[in-house]
There are 2 protein chains.
Amino acid sequence: MVTIADVAKAAGVSPSTVSYALSGKRRVSAETRRRVERSVLELGYHPNAGARALAGKRSHILALAVPLRTDVYVPIMMEIATSVAVAARKHGYDVLLITNDEGPDGIRRLAASGLADGVILMDVELDDKRIPTLGDLRTQAALIGLPDDPRGLSCVDHDFSAAGALCADHLADLGHRDIAFIGYGSGIYRRHAGYAERTLAGFRARAKERGLRFLHRPCEGTYEGIAGTLGRILSDRPHTTGFVVQNEGAIGPLLSLLRTSGRTVPEDASVIALCPDHLAEQHAPALTAVTGPAKELGRIAVEQVMSRISASTRGEQPTDELVLLTPTLTVRESTGPVPEHSLI
Amino acid sequence: MVTIADVAKAAGVSPSTVSYALSGKRRVSAETRRRVERSVLELGYHPNAGARALAGKRSHILALAVPLRTDVYVPIMMEIATSVAVAARKHGYDVLLITNDEGPDGIRRLAASGLADGVILMDVELDDKRIPTLGDLRTQAALIGLPDDPRGLSCVDHDFSAAGALCADHLADLGHRDIAFIGYGSGIYRRHAGYAERTLAGFRARAKERGLRFLHRPCEGTYEGIAGTLGRILSDRPHTTGFVVQNEGAIGPLLSLLRTSGRTVPEDASVIALCPDHLAEQHAPALTAVTGPAKELGRIAVEQVMSRISASTRGEQPTDELVLLTPTLTVRESTGPVPEHSLI
DNA sequence: TTGTATGCGTTATCAA
DNA sequence: TTGATAACGCATACAA
């Protein structure tokens, strides 16, 4: 193993000079810096992480708490996780994976052992049990997702309320009057997942403003689930011409079933999805969709913890941030003007 | 911060006794152990990770290299990743996420800095550029996936060849003679992803044995992609009655298109998928599918690195393991006997 | 069965 | 602009 002493010897300087040359925390002459950097490269020196953490009081590691659930759309979770890792690297940080099955204790352990300088919580629920734990520890944290009470925390999330409103507006603009909102399985609403509730609230409010009638139907993402739900929607409100879908698993079956029931999209029925663009484009017809920038979520969460960490290092009080990212509507082939005559 | 000295004082013993009581590396009287454990709990002591790594020469961290690609089925990747994390915790290890965009350098950095005691590589390609790097470092590694040349390495993977053979056997048993194998996009075959090539090879060999005629068609997972592919299959081989699908995105469109073309599954055409069970069950009709135990992959990879790490700690030569997990066929509603009269 | 003392490799303070 | 040196908190070899 090559240590800082080896580099120092090779460069003909003292260990502390090597340390400063690498950290930049003290001015070093251009000449010595060059020699140090050369030796570092030649010897393939990498500072020992343990020693660095012990002496420097910073592990340069961020903990990322990922959900173990399968009822959320996993690819997005993965995308966020990797964007966190990439963003962290830009700050010289590595990312430690922590699963929810350890619960709050895992976070406590990482914080108390000094393994992680900060924590990023994904898939935060409105009333998340992990949040109180964060208060006890002096670990810095950022949440992806919006809790009931974000005081004392930094959070970033999509503006799901705005996303819901965008859907209502788009359908209203096209002249639709009877809308069905097909949501996630009822378990998600029972769990008070913020994104589901806020989307619905945003949609509901705007729908009211625009004079839309609508049904909200939670729905499992299975073929049978959608079949039953759609059947009931069409019998309860036969004049429904607009569908908002916030349930990745429901999209495919819904399109199939509409076709089967003799409805052509978008001529007879319009479908607008709340889902990533790559999914929207995978279907036929390609779906008009409302999307938020998933990668930004990770990047911003990292910025937030990093800024909190450096504030607390300077002995300052970290400032709480709340960032909501504006979603965008992309019009594709699945939405169109309301039909003149309804089918039934 | 509460240190081992604090615990020692509280328990009325020396720091080393605390250390031994916790690590179990030296016999400690039941009485002292009790007192130590009590103090640990009362004070909320967690050993400082940096100090532990520095003194003990083991970081208790495993690096997990996850792919950034989107052309692989992400939920499985996530499932494996979490199973790695869970299994690692059982050994007192944490998992560090490392993305592929850092490439081999990232692995080198983690190994050289002593941040990770071992590495698990996911989504290994037949000719993976990260593998040579592993040789240089004395880091222990386990691969999830099977490279061209697994010498000097421990690997675990599904037995994709057996999976392919299972598909051929099942369709042959049902009397089918003309089969289409709908695979991943051609990019994956160009990349020499082992799982794709091995599945195909296993299928091909068994198909030959059983006297099946078949076409292999790489295919993007989009509706248009499948539509084109299916059209060509049916015009080239109108008597095709069996479909093997190894492409998660293709399943939904394929079923829709078969229905559209007037073919009922399984009466007119049988479909067997290589995909996770939860996906297979999501479709209508529920799909006969061949699946491997994804979680086992992570668990076994962890066992493999752990055993290599402890071998090398004992100064022994780690033994190379190659574990292939046997896939299982679950018959559902999408396969049946070949129709007496073909459609065309 | 337990205690003492040393060293791990780095950062940061103090001196020059 | 640089060098010497003292922590940092723990594991472990050595003593008792």
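Convention: sequence-line order gives letters A, B, ...; per-chain numbering from 1. These numbers come from the heavy atoms of this one structure, side chains and all, not from hydrogens, waters or symmetry mates.
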Exercise. Want to settle it: does A51(B) or G12(B) sit nearer the 5' end of DNA chain C, counting the closest nucleotide to each?
Worked result: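 Between the two, 5'-proximity favours G12(B).
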Exercise. Does a side-chain N-to-carboxylate-O contact under 4.0 Å join K9(B) and D6(B)?
Worked result: no
Problem set entry | E37(A)/R34(A) ion pair, N-O < 4.0 Å | no
Problem set entry | Range on DNA chain D touched by chain A - first to last nucleotide, heavy-atom distance under 4.0 Å |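 The contact span of chain A on DNA chain D goes from dT1(D) to dG9(D).
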Exercise. Which listed nucleotide (dT10(C), dG9(C), dT2(C)) is nearest to the side chain of T17(B)?
Worked result: dT2(C)
For this session: Among dG9(C), dA12(C), dT11(C), find the nucleotide with the atom closest to the side chain of Y20(A).
Result: dA12(C)
Can you check the [X] [atom1] to [N] [atom2] distance for me, whole Å?
X	N	atom1	atom2	result
R27(A)	dA12(C)	CZ	P	18 Å
K57(A)	dT13(C)	NZ	P	11 Å
R26(B)	dG3(C)	CZ	P	8 Å
N48(A)	dG7(C)	CG	P	18 Å
R52(A)	dA12(C)	CZ	C1'	14 Å

Exercise. Does the side chain to side chain contact (heavy atoms under 4.5 Å, CB included) test come out yes or no for L110(A) and D94(B), once each step is laid out?
Worked result: CA-CA 9 Å; L110(A) 292 183; D94(B) 277 295; 3.8 Å; yes
Problem set entry | Verdict with supporting geometry, M77(A) and V66(A), side chain to side chain contact (heavy atoms under 4.5 Å, CB included) | CA-CA 8 Å; M77(A) 290 296 161; V66(A) 301; over 6 Å; no
Tell me whether the OP1 or OP2 atom of [N] has a side-chain N or O from [X] closer than 4.0 Å.
X	N	answer
K25(A)	dT11(C)	no
T3(A)	dG9(C)	no
T32(B)	dT2(C)	yes

Exercise. After noting the C-alpha distance and the side-chain angles of E296(A) and V156(A), does the key distance pass the side chain to side chain contact (heavy atoms under 4.5 Å, CB included) rule?
Worked result: CA-CA 9 Å; E296(A) 283 297 279; V156(A) 57; over 6 Å; no
Problem set entry | No-H, no-angle donor-acceptor pair, S16(B) side chain to dT4(C) base, under 3.5 Å |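 Indeed there is one.
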Problem set entry | Nearest heavy-atom neighbours spanning A294(A) and S83(A) | O-OG, 4.4 Å
Exercise. Are any of the side-chain heavy atoms of L134(B) and L121(B) separated by less than 4.5 Å?
Worked result: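 Result yes, sub-4.5 Å side-chain heavy-atom pair found.
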For this session: Would you indicate what S29(B) reaches in the nucleic acid, counting non-hydrogen atoms under 4.0 angstrom: base, sugar-phosphate, or nothing?
Result: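 If one applies the 4.0 Å heavy-atom cut-off, S29(B) turns out to touch the sugar-phosphate alone, with no base involved.
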